[in-house]
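Throughout, a chain's letter reflects where its sequence line sits, starting with A, and its residues are numbered from 1. Nothing here was measured: the structure is a model prediction, and the numbers come from that model.
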Amino acid sequence: MASGRPAAEDPRNDPSLYPPIPRPYYDRDPIVVARSLLGALLCRRLEDGTLLVGRITETEAYLARGDSANHAHRGQTPRNRSMFGPPGHAYVYAIHSRHCLNVVTEPIGTPSAVLIRAVEPLVGVEQMCRLRCTADPTKLTTGPGRLCEAFAIDRRLDGEDLTRPLRLWLAAGEQIPAQAVACTPRIGVTSAKELPLRFLLRDSRFVSRRAPRR
DNA sequence: ACGGGGATCGGCT
DNA sequence: GCCGATCCCCGTA
């Protein structure tokens, strides 16, 4: 085959290395969670046992109130149901034939979330390349639709409990100093486009777009 | 490097 | 019917 040792022998390929972040972490303001999730680890266990891990480099907050870009802005529908559930679960939706992964924040009945927009691939990169049909690291997981394809995330994982290390969960990573974080308006939204609710690692290559100069 | 246009389809009005 | 929390490609420079 290609290169490197078999995944089963890779010492990083051990889920116990990535204990899930507990639920109270998510029961907070989505702005706080979005900022805090930078540097955290997105973990995925595929059907065949393959472990995929990526370090979160870019997030966006979607607020329960006063945010017309939030899918739940006009109330609950079958699609956005997960956002109204308990914190620490996934909200996965499809747009333009792609999927996007969110983490639900705040208590039941308060529909806020954090969109995971980009990660830096750490473990299982070969499998990610197969799923994405590319080996270009700048296009592998830099964007919400791209990273969902690389991690085999679709609507079947909508509502998944992210505090259990089963199919999809988040683990703590290194602390990120405040000066390493940039904040900008969100990407792609057509309403509430001025709100500075996008957070990214300033110096990371693995973001969907560079921070604007200032 | 940057910007515009098209693909594409589920969810909602 | 309309409209994207997107991505990719192809222009220009």
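Atom pair A/Glu60:CD and C/dA5:P shows a separation of 10 Å (rounding to whole Å applied). Rounded to whole Å, the distance from NE2 on A/His99 to P on B/dC9 is 11 Å. Rounded to whole Å, the distance from CG on A/Leu147 to P on C/dT6 is 12 Å. If you measure from atom CG of A/Leu200 to atom C1' of C/dA5, you get 16 Å, rounded to the nearest angstrom. What separates CZ of A/Arg209 from P of C/dA5 is a distance of 13 Å, to the nearest Å. To the nearest angstrom, C1' of B/dG10 lies 15 Å from CZ of A/Arg98. Rounded to whole Å, the distance from CG on A/Asp154 to C1' on B/dG10 is 14 Å. Going from atom CD of A/Gln76 over to atom C1' of B/dG11 covers 15 Å, rounded to whole Å.
Applying the 5.5 angstrom centroid cut-off and the 30 degree plane-angle cut-off, the aromatic ring of A/Tyr93 is not stacked upon the base of C/dA5.
Distances from the side chain of A/Tyr91 to the nucleotides C/dC8, B/dT8, C/dA5 place C/dA5 closest. Distances from the side chain of A/Arg79 to the nucleotides B/dC12, C/dA5, C/dC8 place B/dC12 closest. Among C/dG4, B/dT8, B/dC12, the nucleotide with an atom closest to any side-chain atom of A/Thr77 is B/dC12. Of the candidate nucleotides C/dA5, B/dC9, C/dC8, C/dC8 has the atom nearest to the side chain of A/Arg146.
The nucleotide B/dC9 finds its pairing partner in C/dG4, both defining distances of the Watson-Crick or G-U wobble pair being shorter than 3.5 Å.
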*Please report the C-alpha distance between A/His71 and A/Tyr93 in whole Å, then the side-chain angles of each, then the deciding distance to 0.1 Å, and finally whether the ring-ring contact (aromatic ring centres under 6.0 Å, His included) criterion is met.*
CA-CA 10 Å; A/His71 287 169; A/Tyr93 70 91; 4.5 Å; yes
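Contact between the side-chain N/O atoms of A/His96 and the OP1/OP2 oxygens of C/dG4 is not found at any separation under 4.0 Å.
Look at A/Arg186 and A/Glu60 and you find no salt bridge, because none of the NZ, NE, NH1 or NH2 atoms lies under 4.0 Å from a carboxylate O. Between A/Arg167 and A/Glu47 there is no salt bridge, since no side-chain nitrogen of the basic residue lies less than 4.0 Å from a carboxylate oxygen of the acidic one. Under 4.0 Å is where a charged nitrogen must lie from a carboxylate oxygen, and between A/Asp158 and A/Arg81 no such pair does.
Residue A/Ala69 is in base contact, counting any heavy-atom pair closer than 4.0 Å across all strands shown. Looking at heavy-atom distances under 4.0 Å, A/Arg117 makes contact with sugar-phosphate atoms alone, never a base.
Note that A/Arg28 lies outside the cation-pi zone of A/Tyr26, set by a 6.0 Å cut-off to the ring centre and a 45° limit from the axis.
Between A/Asn70 and A/Glu149, the one whose closest nucleotide on DNA chain C sits nearer the 5' end is A/Asn70.
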